[in-house]
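Encoded as structure tokens, the structure appears first; notes follow it.
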Amino acid sequence: EIYTLSLHDALPICSIYSYAQFSQVLAIMATPVIFRKLGMVDGIAYLQISAAIALGALAFCSRASLASVVYVGYMALHWMTEPGILLLLMNRIPPEERTGASALTFLVINIASAVAAALAGASFTKFGYPLVLTVASIVGLGAAFFFRLMVGDRQQERIADASLRSRTIL
């Protein structure tokens, strides 16, 4: 028997998706405030940690209303890092290479998203939502800490070098 989703059944799902999209717009507009307060690298790392925690929390939501709120928050946090990561990349690339670097960045993001969606769909079917979301959350936490470790040290070196150069010039 084939189950068909009626428009009436789909409206709550569509509404939640719309709220998530709207939260992303608001979140991206709020991102510069966070980066000014925490710094670029720390801001990205904290947002990644927050998104991973929200994803982990989603794994344990038993009520649809709570899961909807957590999902909307997760989607906002998930996309807040993109402007900062792109800015970090562009600041490290010569101006003549930025167009290609930007295109390649978005190509990788979109390919990774397609692969992740396919793997998640297959994994949800085989292992269930809670396990898959928990594992994804743990991987996200690991990625955030790795990002902070790898990029943060280089960022501190650049700040120290710039500070040393400014003292030498004066």
Side-chain angles (χ1 to χ4, degrees), residues 5 10-36 38-59 61 67-155:
L5 189 66
L11 283 178
I13 295 169
C14 295
S15 296
I16 293 164
Y17 183 76
S18 295
Y19 293 139
Q21 294 292 304
F22 185 65
S23 76
Q24 290 173 27
V25 171
L26 295 177
I28 288 173
M29 292 185 338
T31 300
V33 175
I34 293 170
F35 289 159
R36 275 189 227 112
L38 299 175
M40 183 72 66
V41 173
D42 285 345
I44 291 169
Y46 285 126
L47 288 168
Q48 288 175 331
I49 290 167
S50 300
I53 290 170
L55 185 60
L58 191 57
C61 290
S68 299
V69 171
V70 173
Y71 172 76
V72 169
Y74 163 73
M75 290 304 290
L77 290 165
H78 175 71
W79 289 104
M80 286 178 85
T81 60
E82 292 300 319
I85 290 172
L86 191 59
L87 184 61
L88 278 177
L89 174 67
M90 292 301 125
N91 285 340
R92 294 174 182 204
I93 302 273
E96 62 275 4
E97 296 177 17
R98 288 182 182 166
T99 301
S102 178
L104 185 58
T105 298
F106 287 107
L107 176 67
V108 169
I109 287 170
N110 287 306
I111 289 172
S113 294
V115 170
L119 289 174
S123 298
F124 289 145
T125 303
K126 187 170 184 173
F127 303 110
Y129 281 92
L131 179 61
V132 174
L133 293 177
T134 301
V135 169
S137 175
I138 292 167
V139 169
L141 284 171
F145 289 119
F146 186 70
F147 170 82
R148 176 64 181 90
L149 178 70
M150 298 304 292
V151 178
D153 289 343
R154 286 191 278 170
Q155 188 73 9

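Just so you know, these numbers come straight off a predicted model, no measurement behind them.
- The two atoms that bring M90 and R98 nearest to each other are O-NE, 2.8 Å, heavy atoms only.
- Here the side chain of S113 pairs a donor or acceptor atom with the backbone of I109 at under 3.5 angstrom.
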CA sep, side-chain torsions, deciding dist, call: W79, T31, side-chain contact (heavy atoms from CB on, under 4.5 Å): CA-CA 10 Å; W79 289 104; T31 300; over 6 Å; no
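- At distances below 3.5 Å, at least one donor-acceptor pair connects side-chain atoms of S123 with backbone N or O atoms of L119.
- Here the options are V151, L87, L88, the test is side-chain contact (heavy atoms from CB on, under 4.5 Å), and the partner is I44; only L88 passes.
- The shortest side-chain heavy-atom distance between S23 and Y19 does not fall under the 4.5 Å cut-off.
- Separation of atoms OG (S50) and CG (L55) is listed at 12.5 Å; rounding is to 0.5 Å.
- Considering every non-hydrogen atom in both V70 and C61, the closest pair reads CG2-SG, 3.8 Å.
- The structure places CD of E82 at 7.0 Å from CZ of F106, a figure rounded to the nearest 0.5 Å.
- A 4.5 Å side-chain heavy-atom check between I49 and F145 finds at least one atom pair inside the cut-off.
- Between L47 and F35, some side-chain heavy-atom pair lies under the 4.5 Å cut-off.
- Side-chain atoms of F147 and V41, non-hydrogen and from C-beta on, do get closer than 4.5 Å to each other.
- Checked by atom type and distance alone, the side chain of S137 pairs as donor or acceptor with a backbone atom of A52 at under 3.5 Å.
- The minimum heavy-atom distance between I28 and P32, with the atom names listed, is O-CD, 3.5 Å.
- Residues G43 and I34 share a closest heavy-atom pair of CA-CG2, 4.4 Å.
- Residues L107 and L104 form a side-chain contact, since some pair of their non-hydrogen atoms from C-beta on lies under 4.5 Å apart.
- With rounding to the nearest 0.5 Å, the separation of CD1 in I85 from CE in M40 is 10.5 Å.
- The backbone N or O of L77 lies less than 3.5 Å from no partner atom in the side chain of T81, so there is not a single donor-acceptor pair.
- Here the side chains of F22 and V72 are not in contact, with every heavy-atom distance at 4.5 Å or above.
- Across R148 and A45, no two heavy atoms sit closer than the pair CB-CB, 3.9 Å.
- How far CD of Q48 is from NE2 of H78: 10.0 Å, rounded to the nearest 0.5 Å.
- How far CG of L58 is from CE of M75: 11.0 Å, rounded to the nearest 0.5 Å.
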